[in-house]
There are 2 protein chains.
Amino acid sequence: MDETTESQTPGNGGWLGDAIPALKLTKAQARVVDALTVNPKLASYGDVTEIALKAGVNSSSVSRTAQALGYRGWSDLQRELRARYLVHIADTAPLSHRVEVRSPIHDSLAHDVENLRLAMDTVDPQAADDAVTALATARRIIVVGQGSYSASAVAFAHLLATAGYPANFEGRAGVHLASAVGSLRPGDALVVFHLWRPLKHLTIAAQLARQAGATVITVTDLKSTDLAKASNHLLLVPSEGVYAFQSATASLSVAYGLLAGLEAREPERVKAGIERTSQFWDELDLYTN
Amino acid sequence: MDETTESQTPGNGGWLGDAIPALKLTKAQARVVDALTVNPKLASYGDVTEIALKAGVNSSSVSRTAQALGYRGWSDLQRELRARYLVHIADTAPLSHRVEVRSPIHDSLAHDVENLRLAMDTVDPQAADDAVTALATARRIIVVGQGSYSASAVAFAHLLATAGYPANFEGRAGVHLASAVGSLRPGDALVVFHLWRPLKHLTIAAQLARQAGATVITVTDLKSTDLAKASNHLLLVPSEGVYAFQSATASLSVAYGLLAGLEAREPERVKAGIERTSQFWDELDLYTN
DNA sequence: GCTGTTCTGCACAAGACTTTGCAGAAAGAA
DNA sequence: TTCTTTCTGCAAAGTCTTGTGCAGAACAGC
């Protein structure tokens, strides 16, 4: 039997976040919400019958509660709960719950876990959101990056193109970069991935793109550089590596996050783009066992 | 011939535990198990159709795989997977009061934190150690990778070269790849970074390199493929992405780990290499504010 | 205490997911 | 190579889950 703390301000602050809008709920609905709040695992994988049992109501009430909260139905609400619960766990899970096996690989992984966690704080959600908007509306997207830090840029440009966005990776410096950036117009976007001491030509590229009216999105670890100043949207990531090198892990993950943002913003477009591309791949017969 | 350090099936030592009995599986079944192993969230919450899509098989094969493993069916297997996954990640996680800032970026970071944590289990330290030895003694190192998964390969090759190792990234397919791999000799090394369904030409490249007597080091997410079989040293990483794409974050971190391993093994050489390179960079006067 | 409104539970309908029969494809044996 | 066996994909059948109309119960206002 579940003690219900008489509803109001349900799900505030806990793992539910704002998944449950603060509406006026009926008694049965409040019991459902309480049950969900207190049983995160059950909430994220149980079916209506199990939830109803826990809440002590009929299964129809579970279904109707989901609808009352603004979701299409139980499955829709559960999808949301699931995502939040898993993210919550990843946020709060202890770093190492097992016997340590120290090895360079293990150190590197642990180190990058820390980088990713720090990035949750350093990346400004508003800047990310703005960046997604700029990308979604861009007529043309150029992605630049140099050396080992081009890793994120390569992946980002490739996946953007896969999803049907007009994106290209530009990894060359000098005249190539100049002509690529020179062709940018208002409504276009330049995405710069760079860590460590700023490279002159990337900074200049960003400044030129900005002058040309293009939107400059920069993923970097330093915020007081001319590169950062030339950017419209700045996404800061930590980059400490396990030895002498900077780690691009966080910047890569941020790149995936931007793609997820695009998918959330215009799912149809992304889905269609991916389908087109993967069909093409199948026809090329590239795969084996 | 070189010994293969694949043997002890480290992939099953991870979050799956002994949920998957070590039976002889058919090709499609092995693909299903691989897909489940590297996509824990999908495995825990997806339906047969989604799993089948990821594994590149028909949904019936997913159902039949569950039965072949001794479960009553997919739902039965999934219940088991879910329980193990949640135990693996949640364990003692307390419900903290941290304010959630949910955004696609945040989700992606949390997701990749999970991938890195899982990678601590899936990467076999012995295989990694052997790989480091092979790299340290190689007369020549070719690093290959394609598409967005080339991110790790690009970074790895670049940093190897920076540290003074005879490494090159080879991102082109066809005749270019053929001639590059064709030049490998005993004592050389081929490093393959690849996720997702194996590409024919990468598999063939690995097989040819192996035949030529070179050491093949592979960082990938699937262990039942011909690519994995052709490898001397296999480093398995999880690769579940936040949306439709696989995440190369873990493979990138493993690349850094290999570099750290090299540094631990021969610090002088790496230090000298980096100093030489960065001095050169300074002379080129590439940096700004 | 009466009456009108809202809510809940039941039972069934609609829908989604999983399993299986079958036939063709692939792999292995002779 | 040919024959036999095993495996896989398709599509239909079977099972389970979710949603809704209806009728009775609870509640609030008078």
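Here is the naming used below: chain letters follow the sequence lines, and residue numbers restart at 1 for every chain.
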Could you give the CG-to-P distance, from B:L42 to C:dC17, as a whole number of Å?
13 Å
In whole Å, I'd like the distance from the CZ atom of A:R64 to the P atom of D:dT20.
9 Å
Is the Lys NZ or Arg CZ of A:R269 less than 6.0 Å from the centre of A:Y165's six-membered ring, within 45° of the axis?
yes
Among D:dG19, C:dC17, C:dT20, which nucleotide sits nearest the side chain of B:D47?
C:dC17
Euclidean distance, atom CG of residue B:L25 to atom P of D:dC7 [Å, nearest integer]
10 Å
Using a cut-off of strictly less than 4.0 Å, decide whether A:S59 has a side-chain nitrogen or oxygen near OP1 or OP2 of D:dT17.
no
Any chance the side chains of B:K24 and B:Q29 put a donor and an acceptor closer than 3.5 Å?
no
Heavy atoms within less than 4.0 Å of DNA chain C: which residues of residues 70-78 of chain B have one? Give them sorted by number.
B:G73, B:W74
How many Å lie between CG on B:L53 and C1' on C:dC17, as a whole number?
16 Å
Whole angstrom value for the distance that separates P of C:dC22 from CG of B:N58
17 Å
Report yes if a side-chain nitrogen or oxygen of A:K27 is closer than 4.0 Å to either non-bridging phosphate oxygen (OP1 or OP2) of C:dT6; otherwise report no.
no
Heavy atoms under 4.0 Å, any strand shown: does A:S60 hit a base, just sugar-phosphate, or nothing?
base
Considering just the side-chain nitrogens and oxygens of B:S61, establish if one lies under 4.0 Å of OP1 or OP2 belonging to D:dC7.
no
Between OH of B:Y45 and P of C:dA16 the distance, given in whole Å, is 22 Å
Which residue, B:V48 or A:Q29, contacts DNA chain C at a nucleotide closer to its 5' end, judged by nearest heavy atom?
A:Q29
For a quick check of understanding: with a heavy-atom distance under 4.0 Å over all strands, which category does A:V57 fall into, base, sugar-phosphate or nothing?
sugar-phosphate
Is there a side-chain contact between A:L160 and A:L259 (heavy atoms, below 4.5 Å)?
yes
Measure from CD1 on B:I51 to P on C:dA16 and round the result to the nearest Å.
19 Å
Please examine the side chains of B:Y45 and A:R79, heavy atoms only from C-beta on, and report whether any two atoms are closer than 4.5 Å.
no
Which word best sums up how the rings of B:F193 and B:F156 line up, parallel for under 30°, tilted for 30 to 60°, or perpendicular for over 60°?
perpendicular
Take atom NZ in A:K271; do more than 12 heavy atoms of anything else shown fall under 6.0 Å from it?
no
Within the side chain of B:N39, is there an N or O that forms a donor-acceptor pair under 3.5 Å with the backbone of B:A35?
yes
